[in-house]
Amino acid sequence: MVGKVDHIGIAVKDLEETLKFYTDVLGMDLQGTETVEEQKVKVAFLPIGDTEMELLESTDKDGPIAKYIEKKGQGVQHIAYRVDDIEKAIEEMKEKGIRMIDEKPRYGAGGAKIAFLHPKSTHGVLIELCQRD
C-alpha cells in the first residue's frame with residue numbers, strides 16, 4: 001500500500017528564519033512556497049533526493065501548526081507516505097481498525113490528496129497518506 005516517504009513535515013515558528021538554516025547551512029534548494037488557507041499554513045518545499053522536506057508555518061494563531069508548536073514545540077510534525085489510491089488506503093486503514101483523523105481525502109499543499117491517521121493508532125506518530133496525480 002505505501003510506496004515511499006513523500007515528505008516530512010516540520011512545524012516552525014518563523015519560516016524565513018528557518019529557511020536560512022536549511023538553505024545556507026545545509027545547502028538545500030528552496031523549490032517554492034504555498035499558502036494553504038484551509039489548513040491555515042504556509043509551506044516551503046525543499047526537495048531532497050526522491051522526497052522533500054516541508055517547513056510548515058502557521059498563518060493563524062488558532063491553526064493546527066500553531067497549536068502543535070504550543071503543545072510540543074517546533075520540530076517534526078508528521079511523516080507523509082505516498083499511496084496510489086487514497087480512498088482505497090483509507091478504507092483499508094479503517095478495516096484494520098486504525099483511527100482516522102480524515103475519513104475522506106482533502107487537498108493539501110501541492111494539490112495532493114491527503115488524509116491523516118490519528119497518532120493514538122500509530123504509536124504516537126502523526127502519519128499522512130498522500131496521493132499525487
Side-chain angles (χ1 to χ4, degrees):
M1 174 192 318
V2 172
K4 67 173 199 163
V5 173
D6 184 81
H7 65 271
I8 297 170
I10 299 174
V12 304
K13 288 183 182 176
D14 184 327
L15 189 58
E16 294 305 318
E17 189 64 30
T18 305
L19 274 170
K20 291 177 187 172
F21 172 76
Y22 281 88
T23 58
D24 297 348
V25 176
L26 297 180
M28 296 174 72
D29 292 322
L30 173 64
Q31 187 177 38
T33 62
E34 175 184 348
T35 298
V36 183
E37 298 293 341
E38 181 184 320
Q39 296 180 31
K40 300 176 182 175
V41 67
K42 184 174 181 182
V43 184
F45 303 98
L46 300 150
I48 181 166
D50 199 22
T51 187
E52 68 184 7
M53 306 299 289
E54 288 187 0
L55 303 180
L56 311 164
E57 178 190 62
S58 185
T59 58
D60 186 301
K61 63 181 173 76
D62 294 323
I65 295 301
K67 290 179 181 176
Y68 178 87
I69 290 173
E70 187 179 305
K71 286 182 183 175
K72 299 184 177 184
Q74 298 183 97
V76 174
Q77 194 257 349
H78 71 270
I79 298 174
Y81 296 109
R82 178 90 52 98
V83 296
D84 292 332
D85 183 336
I86 197 163
E87 285 87 0
K88 183 178 175 184
I90 290 170
E91 287 308 311
E92 284 184 41
M93 290 295 113
K94 290 165 58 177
E95 287 171 10
K96 292 176 180 175
I98 302 299
R99 185 172 162 193
M100 300 296 299
I101 293 174
D102 302 301
E103 297 208 356
K104 294 182 178 178
R106 58 182 158 127
Y107 284 98
K113 288 182 180 177
I114 64 169
F116 284 95
L117 284 61
H118 198 287
K120 288 187 177 178
S121 288
T122 61
H123 305 277
V125 178
L126 180 60
I127 293 177
E128 177 185 316
L129 301 176
C130 176
Q131 177 187 334
R132 297 188 187 274
D133 293 325

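Computed from a predicted model, the values in this text were never measured in an experiment.
The existence of a salt bridge linking D102 and R106 is confirmed by a sub-4.0 Å separation between a basic side-chain nitrogen and an acidic carboxylate oxygen. Under the 4.0 Å criterion applied to side-chain N and carboxylate O atoms, K61 and E70 are not assigned as salt-bridge partners. A salt bridge does not link E91 to K88: none of the charged side-chain nitrogens sits closer than 4.0 Å to a carboxylate oxygen.
The closest side-chain heavy-atom distance from M53 to M28 is below 4.5 Å. With contacts defined as side-chain heavy-atom distances shorter than 4.5 Å, the pair I127/F116 does not qualify. Taking 4.5 Å as the limit, some side-chain heavy atom of I90 sits within range of a side-chain heavy atom of P105. Two residues are said to be in side-chain contact when any heavy atoms from C-beta on lie closer than 4.5 Å; V43 and T35 fail this criterion. With contacts defined as side-chain heavy-atom distances shorter than 4.5 Å, the pair K113/E87 qualifies. Residues I8 and V76 form a side-chain contact, since some pair of their non-hydrogen atoms from C-beta on lies under 4.5 Å apart. Under the 4.5 Å side-chain criterion, counting only non-hydrogen atoms from C-beta, R82 is not in contact with Q131. Counting only heavy atoms from C-beta outward, the side chains of Y107 and I114 never approach each other to under 4.5 Å.
Judged purely by atom type and a 3.5 angstrom limit, T33 has no side-chain atom pairing as donor or acceptor with the backbone of A44. For T59 (side chain) and K40 (main-chain N/O), a donor-acceptor pair under 3.5 Å exists by modelled atom type.
For E57, the salt bridge (Lys or Arg N to Asp or Glu O under 4.0 Å) test picks out no residue, with sequence neighbours left out.
Each of L117, D85, D6 was compared with L129 under the side chain to side chain contact (heavy atoms under 4.5 Å, CB included) criterion, and only L117 meets it. Here the options are T18, L30, V41, the test is side chain to side chain contact (heavy atoms under 4.5 Å, CB included), and the partner is L55; only T18 passes.
Under a hydrophobic-cluster definition in which Ile, Leu, Val, Met, Phe, Trp and Tyr are linked whenever side-chain heavy atoms come within less than 4.5 Å, directly or via other members, L56 and V5 are assigned to different clusters. Put simply, V125 and M100 are part of the same group of oily side chains (I, L, V, M, F, W, Y) that touch within less than 4.5 Å, one to the next. No chain of hydrophobic side-chain contacts below 4.5 Å, direct or via other Ile, Leu, Val, Met, Phe, Trp or Tyr residues, connects V36 to I86.
Taken to the nearest 0.5 Å, the OG1 atom of T122 stands 12.5 Å off from the NE2 atom of H78. Taking CD of E52 as the start and CZ of F45 as the end, the distance is 6.0 Å to the nearest 0.5 Å. With values rounded to the nearest 0.5 angstrom, T51 atom OG1 is found 11.0 Å from L46 atom CG. Note: K13 NZ to S58 OG = 12.5 Å, rounded to the nearest 0.5 Å. The CD1 atom of I65 sits 11.5 Å away from the CG atom of L15 when rounded to the nearest 0.5 Å. Taking CD from E16 and NZ from K42, the interatomic distance works out to 5.5 Å, rounded to the nearest 0.5 Å.
By the 6.0 Å contact criterion, CG on D84 is open, its count of non-hydrogen atoms from other residues, nucleotides or ligands being 12 or less. The neighbour count for K94 NZ, taken as heavy atoms of other residues, nucleotides or ligands under 6.0 Å away, is above 12. Dense packing is recorded around CG of D62, with more than 12 heavy atoms of other residues, nucleotides or ligands lying under 6.0 Å away. In the displayed structure, I48 atom CD1 is contacted under 6.0 Å by at most 12 heavy atoms of other residues, nucleotides or ligands.
Of all heavy-atom pairs spanning I69 and A11, the tightest one is CG1-CB, 3.8 Å. For the residue pair R99 and S121, the shortest heavy atom distance occurs at N-OG, 2.9 Å. Nearest heavy-atom pair across A89 and M1 is CB-SD, 3.8 Å. When all heavy atoms of G110 and R132 are compared, the closest pair comes out as O-NH1, 4.1 Å. Contact between Y68 and G75 at its shortest, heavy atoms only, is CE2-O, 4.4 Å.
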* I101 and L126: CA distance, side-chain angles, deciding distance, side chain to side chain contact (heavy atoms under 4.5 Å, CB included) verdict -> CA-CA 10 Å; I101 293 174; L126 180 60; 3.7 Å; yes
* Asked: Can you list the steps and then say if I10 with Q77 is a side chain to side chain contact (heavy atoms under 4.5 Å, CB included)?
  -> CA-CA 5 Å; I10 299 174; Q77 194 257 349; over 6 Å; no
